[in-house]
Amino acid sequence: MRKEKIDKTPARLDFLQSFTGLILALFITGHIMFEASILISNEMMYKVTIMFEGYYFFGEKYPGIISFLAAAISVIFVIHAGIAMKKIPSSYRNYKVIKNHIQGMKHEDSSLWMVQVITGFMMFFMGSVHLYIMMSQPSDIGPFASSSRVVDEFMGPLYFMLLISVVSHAFIGLYRLAMKWGFMEGKNTKVSRARFKFLMKAMIAIYIVVGLSSLAKYTYIGMTHDFSDGVKYKSQTIKMENH
Amino acid sequence: MKVIYTDVLIIGGGLAGLRVATGIKGRGHDAVVLSLVPPKRSHSAAAQGGMQASLANCKMGEGDNEDVHFSDTIKGSDWGADQEVARMFVHCAPKAIRELAHWGVPWSRVHRGDHAAIINAEKVTITEKDEAHGLITARDFGGTKKWRTCYTSDGTGHSMLFAMDNKAKQEKVEVHERLEAISLIHENGRCYGAVARNLMSGELVAYVSKATTMATGGYGRIYSVSTNAIICQGMGQAIALETGVATLGNMEAIQFHPTAIVPVGILTTEGCRGDGGLLLDKDGYRFMPDYEPDKKELASRDVVSRRMTEHMRKGKGVKSRYGDHLWLDITILGREHIEKNLREVKEICENFLGIDPAVDWIPVRPTQHYSMGGIRTKYTGESQTLKGLYSCGEAACWDLHGFNRLGGNSVSETVVAGMLVAENISDYLDSDESHLTIHTSNIEKFVKIESDKLDALLTKEDGEDAYVLRRRMEEIMMDKVGIFRNGDDLQEAVDELEELCKRSKNIEVFRSKSRAANPALVNAYRTQKMIKVALTVAYGALLRTESRGAHSREDYPERDDANWLKRTITSWPDENQLVPTVSYEEIDISKMELPPGFRGYGKDLTKHHPKTAEREIVVNAVKEKLEAVGESRFEIQNALMPYLDKLPKKYRAINERLGENI
Amino acid sequence: MSESKKQRVLKISILRFDPHDPEDFPHMETFEVEEADGMTLFIALNEIREHHDNSLKFDFVCRAGICGSCSMLVNGRPTLACRTLTAKLDEKFTLAPLPLFELIGDLSVYTGKWMRGLNERLETWIHDKEEELNVDKLEEKMEPALADEIYELDRCVECGCCVAGCGTAKMNPYFVGAVGLNKIARYQLDPRDKRSDDDYYELVGNEDGVFGCMTLLGCEDVCPKDLPLQSKIAYLRRMMLKNTL
Ligand SMILES: Cc1cc2nc3c(=O)[nH]c(=O)nc-3n(C[C@H](O)[C@H](O)[C@H](O)COP(=O)(O)OP(=O)(O)OC[C@H]3O[C@@H](n4cnc5c(N)ncnc54)[C@H](O)[C@@H]3O)c2cc1C
Ligand code: HEM
Ligand code: SF4
Ligand code: SF4
Ligand code: FES
């Protein structure tokens with residue numbers, strides 16, 4: 001019946017938006033948990049850090065791996081944000097329209113979307129800063145180095161905001177992802193939706209609690225630790241070969 | 001003055017109107033459809049139960065065919081129907097449903113193997129044939145011998161109307177929505193279209209056409225409580241009546257549906273009882289078997305409605321502030337069945353009563369439901385007296401239903417009549433007779449008359465309030481021209497309606513003086529017209545001193561074939577008269593395939609016509625003779641009452657059925 | 001239900017405007033109506049028209065939640081007025097016409113025109129290459145479960161609530177809305193419609209179609225017919241994506 005070729009771009013962009021969102025969300029769920037290793041002990045946090053630096057694979061640390069990871073995430077981040085831009089109200093008029101709509105409707109999912117846009121916007125700035133630092137100073141990660149950044153370099157407030165926004169954005173995003181693609185949809189879609197929504201709220205709560213606790217711990221270390229001999233952490237169990 | 005020319009003007013965008021329009025387009029002519037509302041919002045969408053067509057696919061429909069459908073229809077009509085028309089109808093119903101299936105209606109289908117059903121309050125298992133798997137299935141409905149009512153879950157009318165409207169869109173049928181026909185343009189006994197009012201801008205438009213079709217639905221809203229949509233106000237019948245030329249048939253034949261919810265009158269489908277629901281009284285007692293031991297809850301509608309009223313009169317009704325009612329119990333069908341097959345009913349119960357029908361009984365009582373009467377037509381669908389005016393669907397008295405319509409026969413009628421009328425009109429358009437001969441100045445005259453009337457309504461002072469008149473009319477119809485009727489009440493009704501008719505000439509539109517969208521103005525002119533329609537109903541009922549089908553006279557309980565085997569024909573030749581002119585059209589027994597008999601409900605009170613016995617002898621003799629030489633049922637039928645020549649050629653072929661003619 | 005129970009007096013604020021009156025402008029007007037048992041907005045509004053202001057415009061047809069004529073904003077949310085029981089609302093509430101659709105006056109909007117445009121644009125009818133059907137023959141068979149599934153989606157009454165409840169539709173006037181996407185899902189499911197997946201993609205595989213939808217789910221939550229809109233939009237999205245692989 002038809003002659004012309006279809007334009008496949010919209011489908012691909014939509015998929016890419018979701019796919020990058022998914023990767024970022026999975027990354028962030030892991031990331032916050034790894035950071036939280038500080039809650040167990042400084043030693044644990046250190047081990048996790050050097051694991052990412054490849055120590056357990058190569059027998060020595062390559063902070064470049066972190067730079068590479070941060071760079072990869074940054075690329076995905078930029079792609080994701082770039083595609084998301086299309087969805088963000090492009091004019092003040094549209095912004096008003098959607099704001100009035102959401103206020104008038106008093107509809108949870110529509111409001112959640114607004115949360116996503118706002119948190120996305122916040123991350124656009126804060127996330128960039130964070131990612132830039134991770135790329136440029138990868139070796140400065142560790143129980144003391146990170147704590148020092150939180151307190152002495154005044155990254156604490158930024159991390160706080162970033163945590164709140166990234167956690168809400170990621171889990172709302174995952175919920176939306178499930179709705180958008182019909183992931184694990186039960187026979188009664190109303191029930192599966194309600195379950196996903198509950199899961200989303202629970203995860204947001206858990207991650208904010210965990211994230212805030214680790215942030216508190218870093219702050220505590222940052223305030224109490226004596227940084228006179230540098231920010232490098234000296235592990236009791238792992239002795240680095242000299243370099 | 002805005003004038004729009006077209007080949008065919010179709011007034012009404014329900015199932016009937018859209019089917020006509022589609023057919024006419026298919027034959028290469030032009031058509032414009034006028035509708036008060038976007039077509040998909042027409043009242044046809046409300047039909048929940050189903051459409052009758054003798055497909056005989058499901059187990060309980062086995063053995064069904066045109067003959068059985070025909071005899072059910074005629075008996076249902078209490079022999080008031082036109083038997084030739086009924087034959088044409090039952091022959092074409094399977095064709096119409098197959099066409100609709102092709103156009104996208106998702107008819108519910110037969111599933112091979114066992115399924116449970118409730119028949120007569122008992123669970124039974126029905127085993128469907130393998131070869132029927134995937135064909136259109138059917139359910140039980142009142143007054144039918146076989147399970148013949150095809151359905152889509154409980155949204156039959158909705159699905160049909162949507163498929164029909166989509167088809168019309170595909171055929172690029174032009175639809176002018178929110179346009180109301182307010183008078184017909186006619187000259188020398190021929191109709192040339194209509195004057196219509198744009199309900200949004202108030203503009204008057206003259207639609208000039210070679211043929212005009214009235215498919216405006218019923219007139220239930222002359223009653224205060226009705227299952228009908230609020231736009232079913234009989235405007236089609238009224239403007240036909242106001243020509244003074246076109247006639248209406250059997251206007252007094254009004255059907256009451258047994259199970260509308262109390263108080264709002266929203267219908268719960270007959271499917272509730274068809275699927276096994278029961279009627280209970282205030283003691284929770286199932287009373288229908290006492291009255292109708294054979295068909296019980298599934299007796300014909302008029303019968304069940306009367307039995308319910310009788311039972312309530314015995315003090316067995318449940319008292320409520322809105323008057324007495326009875327219970328409909330569908331809890332025995334189980335939640336799963338209700339949620340799948342009777343979902344609309346469930347929604348209605350939840351939203352309008354706040355109850356759960358899987359647990360609670362539903363408060364119901366008989367309520368105005370269907371108008372058997374309407375614009376009297378020949379079998380072709382053309383008015384008997386006004387050339388070029390056609391009518392079909394509930395608006396018409398084609399006379400398929402006589403004095404009582406079978407559930408499921410009316411949506412079926414809309415599409416069957418629609419397809420036949422489309423062909424007949426197309427033939428007419430192809431002939432030389434159809435040329436337009438009316439002069440523009442005469443068209444202008446008709447527009448001017450309407451414009452003046454509207455001005456009068458808007459400028460009148462010290463006039464009557466239309467709402468007051470209308471509410472009074474509705475009450476009179478409800479109280480005095482209801483399920484049981486008697487001479488005294490009817491006389492009072494006619495007298496008072498006459499008075500209202502006089503007062504209605506003096507209606508004033510208070511405060512709201514806009515000529516554009518103005519509900520008060522609309523109500524004013526419609527009230528004037530509705531009162532006239534109400535008068536045709538009440539007056540026809542008063543004169544008919546017998547009981548037939550849905551018309552039930554307490555003072556004349558017997559069906560009187562000797563004097564009343566005839567149709568009431570009403571007209572309004574003089575604008576100033578206050579009651580309609582009534583005449584009668586004899587129904588000829590000597591041509592009947594099925595001579596008058598006993599319908600089989602209650603006691604047989606029929607006063608038979610002398611010709612009945614004669615005709616029976618003839619019919620039996622023909623049957624015996626032809627059966628003896630092994631003629632087919634088609635041959636026998638043809639010998640008794642030939643009708644195929646009345647159908648358009650393309651619809652004459654025999655229908656295929658599982659196990660027949662394949 | 002007791003007789004002696006004092007009925008509430010409802011204070012109904014209605015957003016009024018008559019576009020045909022050059023002097024009129026949108027304004028709120030409040031009417032007081034005594035509540036009755038089982039009162040719906042259909043009853044309440046007619047009471048206002050009959051006893052307070054006969055120029056009040058609104059649309060009801062079936063008054064039974066079947067025809068989709070009477071959608072309006074009740075306290076800001078789109079819904080069918082005829083099946084809204086006043087008992088479920090506070091004493092004070094507001095009514096406003098459905099946004100996005102052409103306003104006829106007061107609460108009356110022309111949803112039908114929008115829907116006609118949609119139907120024509122998406123060609124919501126069975127596309128069939130065959131010759132004329134022979135109506136004398138047995139109908140084509142269809143799996144009973146499939147017929148049910150199609151009916152489930154066919155139940156849409158084109159009331160426009162999902163469109164009025166959709167943020168995307170508000171920002172993008174060309175967006176087909178959940179109603180449009182549902183219709184495509186319905187025809188895609190129907191074996192009688194011979195359109196290919198590419199054909200459907202052409203219709204809704206873009207920002208005005210399924211890829212414009214931001215999954216706000218307003219549609220799903222306001223649809224008076226409880227259509228599985230979220231699930232069907234997700235299905236379409238998967239199908240459309242698969243089609244590009
Ligand atoms: C609640 C309910 C349930 C029913 N269930 C069943 C069932 O299960 N099975 C069955 O067979 N039957 C059923 N019926 C009956 C059946 O639905 C109707 O008889 C049938 O649909 C009528 O169709 P129609 O096309 O003749 O008219 P309608 O569908 O009523 O259409 C009338 C059209 O005319 C237009 N119109 C009216 N006046 C004017 C005017 N002046 N100018 C312009 N346009 C005008 C309207 O806008 C509308 O488009 C039911 C009826 C009711 C009330
Ligand atoms: C760590 C960072 C981020 C994570 C984990 C993340 C995660 C997600 C996820 C999972 C989705 C759902 C995808 C979908 O609906 O298809 C999503 C959507 C979205 N994201 Fe992000 N995101 C991140 C950063 C950003 C940034 C920086 C922005 C904005 C500048 C942004 C803006 C959006 C928007 C607007 C949506 C909604 C798009 C839609 O509904 O289709 N996100 N995000
Ligand atoms: S999910 Fe949201 S964006 Fe998509 S159609 Fe529904 S309301 Fe509109
Ligand atoms: S999908 Fe639902 S809300 Fe949207 S038009 Fe259809 S019935 Fe109305
Ligand atoms: S009037 Fe028909 S849905 Fe409300």
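Residue numbers start from 1 in every chain, and the chains themselves are labelled A, B, ... in the order their sequence lines are given, proteins ahead of strands. These numbers come from the heavy atoms of this one structure, side chains and all, not from hydrogens, waters or symmetry mates.
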Quick one: pull up [atom1] in [X] and [atom2] in [Y] and give me the separation to the nearest 0.5 Å.
X	Y	atom1	atom2	result
B/I230	C/R63	CD1	CZ	8.0 Å
B/S514	C/D24	OG	CG	10.5 Å
C/W125	B/M164	CH2	CE	13.5 Å
B/R98	C/D136	CZ	CG	8.5 Å
B/K340	C/D148	NZ	CG	4.0 Å
C/H20	B/M200	NE2	CE	7.5 Å

Hey, are [X] and [Y] close enough for a salt bridge, meaning a charged N less than 4.0 Å from a carboxylate O?
X	Y	answer
B/E344	C/K225	yes
C/E50	B/R471	yes
C/R155	B/D154	no

At a heavy-atom separation under 4.5 Å, does [X] approach chain C through its side chain, its backbone, both, or neither?
X	result
B/S201	both
B/R221	side chain
B/K513	neither
B/R657	backbone
B/R515	neither
B/A517	both
B/H111	both
B/V264	both
B/N57	side chain
B/L658	both
B/P38	side chain
B/S44	neither

Shortest non-hydrogen contact between [X] and [Y], atoms and distance:
X	Y	value
C/R186	B/P106	NH2-CD, 4.3 Å
C/G112	B/E177	C-OE1, 4.2 Å
C/R192	B/A101	NH1-O, 2.6 Å
B/G104	C/D190	O-OD2, 4.3 Å
C/C62	B/A229	CA-CB, 4.0 Å
C/Y151	B/S153	CE2-CB, 3.3 Å

Is the shortest heavy-atom distance from the side chain of [X] to the side chain of [Y] under 4.5 Å?
X	Y	result
B/V175	C/R116	yes
B/R109	C/E139	yes
B/Y467	C/H51	no
C/D226	B/E347	no
B/L135	C/M142	no
B/R178	C/Y110	yes
B/Q170	C/H127	no

Just give me the residue among [options] that pairs up with chain B most often, heavy atom to heavy atom, under 4.5 Å.
options	value
C/S69, C/G38, C/A147	C/S69
C/L85, C/L138, C/N134	C/L138
C/P224, C/P144, C/C67, C/G105	C/P144
C/D59, C/D106, C/T84, C/D21	C/D59
C/M115, C/R49, C/E120, C/E123	C/R49
C/N119, C/V61, C/I150	C/V61

Which one, [options], leads in non-hydrogen pairs under 4.5 Å with chain C?
options	answer
B/K95, B/R112, B/Q48	B/K95
B/A96, B/G354, B/G155	B/G155
B/G26, B/S108, B/G134	B/G134
B/H133, B/K650, B/K167	B/H133

Exercise for the section: Using non-hydrogen atoms and a 4.5 Å limit, figure out which bit of C/L56 sits close to chain B: side chain, backbone, both or neither. Expected result: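 Contact with chain B is through the backbone of C/L56 alone.
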Problem - Side chain, backbone, both or neither of C/K88 within contact of chain B (heavy atoms, under 4.5 Å) - result: side chain
Problem - Sidechain-backbone polar pair: C/N54 side chain, B/F510 backbone, donor-acceptor under 3.5 Å - result: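 Present.
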Practice task
Look at the side chain of B/R41 and the backbone N and O of C/E158, then say whether any donor-acceptor pair between them is shorter than 3.5 Å.
Solution key: yes
Exercise for the section: Tell me, please, whether B/F352 has C/R83 positioned over its six-membered ring: NZ or CZ under 6.0 Å from the ring centre and within 45 degrees of its axis? Expected result: no
Completion exercise
By side chain to side chain donor-acceptor pair (under 3.5 Å), C/E29 pairs with (sequence neighbours left out) C/R16
Exercise for the section: With sequence neighbours left out, write down each residue that passes side chain to side chain donor-acceptor pair (under 3.5 Å) with B/S512, or none if nothing qualifies. Expected result: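 Scan of B/S512 (side chain to side chain donor-acceptor pair (under 3.5 Å), adjacent residues dropped) gives B/N518.
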Practice task
Any chance you could lay out the side-chain contact (heavy atoms from CB on, under 4.5 Å) test for C/I66 and B/H158, step after step, and finish with the verdict?
Solution key: CA-CA 8 Å; C/I66 292 168; B/H158 167 89; 5.5 Å; no
Exercise for the section: Examine the side chains of C/D128 and B/H102 and answer whether a donor and an acceptor come within less than 3.5 Å of each other. Expected result: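 Judged by distance alone, the side chains do pair up.
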Problem - Test item: side-chain donor near acceptor, C/Y187 and B/N166, under 3.5 Å - result: yes
Practice task
For atom NZ of B/K649, decide whether the heavy atoms of other residues, nucleotides or ligands shown that lie under 6.0 angstrom number more than 12.
Solution key: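 It does not: B/K649 NZ has 12 such atoms or fewer within range.
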Practice task
Check the surroundings of atom NZ in C/K113: do more than 12 heavy atoms from other residues, nucleotides or ligands lie under 6.0 Å from it?
Solution key: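 Counting neighbours around NZ of C/K113, 12 or fewer heavy atoms of other residues, nucleotides or ligands fall under 6.0 Å, so no.
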